[in-house]
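A quick write-up on the structure given underneath.
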Amino acid sequence: MNKIAFIGAGNMNRAIIIGMINNGFAPENIIVSNPSPEKRLALAQEFGIRQTADNLEAARFAPTIVLGVKPHLITDVCRDIKQNLDISDKCFISIAAGCTMAQIQAALGNGQAVIRTMPNTPSQLGLGVTGIYPSREVTPAQRTVADEMMKAVGIVMWLDQEKQIDDIIAVSGSAPAYFFLFMEIMEQHAQTLGFSAQDSRKLVQQTALGAAQMVCQNDDSIAQLRENVTSKGGTTQAALNQFYQGGLSQLVTKAMDAALQRSREMA
Ligand code: NAD
């Protein structure tokens, strides 16, 4: 069984750890490090994993090291590990946005096995999607570890080029919030129509869940599913016409491009 060290006990690492444990990974093979105690102790108490305040202790423990700190801290954390440990056989998995393979390898030493991943927040429910891009030094065994780890929290997409990590941020990394915003607007308007706050939320969340399930369980294209529920001259068409006339398509495209642009700027 592979041992895995998580540097940082924040939201995303926590989601991955929980997913792994729910999928049968042995807790004693997982260690988490975080300078402040609350989050790492909570994880250790809840799930029986190992914990430490010392990144080096965590990195020493495992051949696979998940870098789950904020992007601006990644290179410092890497340099510290590199300066104090023999890392030649280790594989580093970054989950950070806006921190490139070149920056990570510059901090760890050129030729180091590094995997960049881009998960999203539904990973905490096992419903995430993660884009993965490996450096050429990554071995098949290291690929398997990353694949199994990220499959524990959702689906996995191996990418051919690093630039696709930025692309995937626009399509799935930042995208849960796009759907939240849409649902939020609908929920607010349902209340102005007279539904209680509780009923508004129930109506919107169940509709979003049902629509997503229809897409997941149907081989038809999404466009076909939309057409199937849009009768000519009916209520749905009246609503969709407003979206078309208001430029929803251009707006969504612009929003995704803005996420992509921001991701490139952060590197
Ligand atoms: P977070 O703030 O919840 O977690 C970061 C953790 O790192 C904190 O617990 C902090 O105490 C700890 N930390 C700070 N300095 C440290 C150090 N020197 N050594 C060890 N731990 C340290 O952040 P998050 O949302 O989990 O994001 C972490 C990474 O995941 C980021 O790089 C982000 O780009 C990436 N990511 C997040 C999401 C998301 O939706 N949350 C999605 C994809 C990728």
Side-chain angles (χ1 to χ4, degrees), residues 4-20 30-46 49-62 65-85 92-101 103-104 107-108 114-133 146 149-150 152-157 159 162 164-181 259-260 262-267:
I4 302 191
F6 287 84
I7 309 293
N11 296 320
M12 194 44 73
N13 267 358
R14 181 182 163 86
I16 299 169
I17 291 168
I18 294 173
M20 288 173 67
I30 298 175
I31 190 167
V32 66
S33 65
N34 205 90
S36 56
E38 304 81 22
K39 292 183 199 165
R40 66 179 152 84
L41 288 178
L43 271 170
Q45 273 158 15
E46 257 179 274
I49 64 169
R50 297 165 193 262
Q51 55 80 28
T52 173
D54 180 4
N55 290 345
L56 294 178
E57 184 188 338
R60 206 175 285 119
F61 174 78
I65 299 161
V66 181
L67 302 165
V69 297
K70 291 288 187 194
H72 69 279
L73 296 172
I74 293 274
T75 49
D76 283 352
V77 164
C78 288
R79 264 189 225 104
D80 185 39
I81 295 173
K82 156 86 178 158
Q83 282 163 9
N84 291 289
L85 289 185
F92 289 78
I93 300 180
S94 166
I95 62 171
C99 194
T100 64
M101 185 70 84
Q103 289 166 333
I104 300 168
L108 289 169
V114 174
I115 298 177
R116 281 195 70 192
T117 68
M118 186 43 57
N120 64 3
T121 40
S123 298
Q124 60 193 263
L125 305 176
L127 293 171
V129 50
T130 302
I132 308 189
Y133 175 76
M149 192 179 98
M150 299 317 293
V153 292
I155 65 165
V156 158
M157 199 172 283
L159 306 173
E162 188 178 5
Q164 291 175 299
I165 288 279
D166 291 324
D167 299 342
I168 217 163
I169 288 172
V171 181
S172 60
S174 294
Y178 313 164
F179 292 100
F180 294 152
L181 177 63
L260 173 59
R262 184 69 194 119
S263 166
R264 287 181 183 151
E265 283 165 8
M266 283 165 64

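When a ligand or atom number is given, it counts from 1 through the structure's own listing order.
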Within ligand 1, which atoms have a heavy atom of [X] less than 4.0 Å away?
X	value
A97	34 (O)
G8	7 (O), 20 (C), 21 (N)
V77	18 (N)
P71	31 (C), 32 (O), 34 (O)
A96	32 (O), 34 (O)

Does M157 have more than 12 heavy atoms from other residues, nucleotides or ligands lying within 6.0 Å of its CE?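 Not more than 12 within 6.0 Å, no.
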For ligand 1, is there an N or O atom under 3.5 Å from any N or O atom of [X]?
X	answer
M118	no
L73	no
N120	no
T121	no
N55	yes
I7	no

Might you point out which heavy atoms bring M20 and F6 nearest each other, and give the distance in Å?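 Between these two residues, the closest heavy atoms are SD-CZ, 3.5 Å.
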Do the side chains of I16 and M150 get nearer than 4.5 Å, heavy atoms only? yes
So, the side chain of R116 versus the backbone of C99: is there a donor-acceptor pair under 3.5 Å, distance only?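 Pair found, side chain donor or acceptor close to backbone of C99.
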Taking 4.0 angstrom as the limit, do E265 and R262 come out as a salt bridge? yes
For atom 21 (N) of ligand 1, which of A9, P35, S123 has the closest heavy atom?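 That would be P35.
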Atom 5 (C) of ligand 1 - nearest protein heavy atom and its distance: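 Atom 5 (C) of ligand 1 sits closest to the protein heavy atom G68 O, 3.7 Å.
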